[in-house]
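First the proteins, then the strands, lettered A, B, ... as listed; each starts at 1.
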Protein chains: 2
Amino acid sequence: MHPRIVDTLKKNQLSITESRKKILEMFLQRKGALAHADIEQQSGEEFDRVTIYRTLQTFVEKGIIHSIPSADNSVRYALCKDDCSEGHHHDNHVHFMCDHCGTTYCLDHVSVPPVAIPPGFKVTQVDVVASGTCMKCQ
Amino acid sequence: MHPRIVDTLKKNQLSITESRKKILEMFLQRKGALAHADIEQQSGEEFDRVTIYRTLQTFVEKGIIHSIPSADNSVRYALCKDDCSEGHHHDNHVHFMCDHCGTTYCLDHVSVPPVAIPPGFKVTQVDVVASGTCMKCQ
DNA sequence: ATTATTTTGCAACATTGTTGCATTTGTGTA
DNA sequence: TACACAAATGCAACAATGTTGCAAAATAAT
């Protein structure tokens, strides 16, 4: 088991349960983003569907993971950059979604460029969603 | 009826039907984006739910409208900039979604800044999704 | 006007997400 | 360690959303 799992849960005042440990481990092991369906398949019916929904919701509220915008109506989640031990500041993110294999990459180290939003809008968050073909699918 | 409706449909080799005319008119009249539910409500059960799904799908395929990425798993659509009479080149778009009233604005005139995607990724489209509070909700 | 093609509406189904509640699990304390 | 309290889980039922096949209706072509 990944060493940071229990730490992260404790820091966020969450009970250490099987589902939370396992789901958090999936995020730590895999670089890319995960959809609800991915988790359901990978865990092999170990957890109830409802439990997965609630766990993801809890993780989002605590700022452990964040949801990634997509145009095809599939919600995906990825780990927040800094384990969010400091709380959940809404980071700006750059994501890449491969049209071919569907993998979503969370490019934490790419900075979001300034965007000239017209006056009148109060911007709190900017997400950049790039899509195309990833290195594995060239 | 908006004068461009029949033209747009003809240019895209689509039959001129009631649902297509009415749904396209909704997009032309309203500046913001529309979700499936919006259309269903505004048309007042005039059309079957399935018809709306299929009409939206057709419009997307023809490049008349495009879907807007969002983090909350709600698909919204907006008119393509140039009526897409030329076919569907994948434009880069800036969108703004108001956290308060849920309205999605399609900021066609704001240009998408260059983003430094790491080598290995072949980018075909970049969407920028800003969120916060719109002018009506300040 | 008539025929051929396309679109629509209906029904049935599949998927995805939500809620309430009893049972189980985890946490804090003696 | 054992106990009581709090929290999370699983189940069932439900709601919302999206899909598919097919007969009937509307549109387009002749």
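The CZ atom of R20(B) lies 5.0 Å from the OG1 atom of T58(B); values are rounded to the nearest 0.5 Å. Rounding to the nearest 0.5 Å gives a distance of 12.0 Å between NZ of K122(A) and CG of D99(B). With values rounded to the nearest 0.5 angstrom, T51(A) atom OG1 is found 10.5 Å from E46(A) atom CD.
Qualifying side-chain hydrogen bond (donor to acceptor under 3.5 Å, both in side chains) partners for E18(B), counting only residues two or more places apart in sequence or in other chains: K21(B).
Distance L9(A) CG to dA7(D) C1': 14 Å, rounded to the nearest Å. Here dT17(D) presents its P atom at 14 Å from CG of L56(B), a figure rounded to the nearest Å. Atoms NZ (K22(A)) and C1' (dG26(C)) sit 18 Å apart, rounded to a whole Å. If you take OH of Y53(B) and P of dC10(C), they are 16 Å apart, rounded to a whole angstrom. Distance, D72(A) CG to dT17(D) P: 17 Å, rounded to whole Å. Note: CD1 (I39(B)) to P (dT17(D)) measures 13 Å, nearest angstrom. To the nearest angstrom, C1' of dT16(C) lies 10 Å from CD of E40(A). Note: CG (N12(A)) to P (dA7(D)) measures 16 Å, nearest angstrom.
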For nucleotides 8-15 of chain D, 5' to 3', base contacts (B), sugar-phosphate-only contacts (S) and non-contacts (-) with protein non-hydrogen atoms under 4.0 Å give SBBBB---
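The ring of Y105(B) has its center closer than 6.0 angstrom to the ring center of F121(A).
Note: Y53(B) and H36(B) have parallel aromatic rings, judged against thresholds of 30 and 60 degrees for the angle between ring planes.
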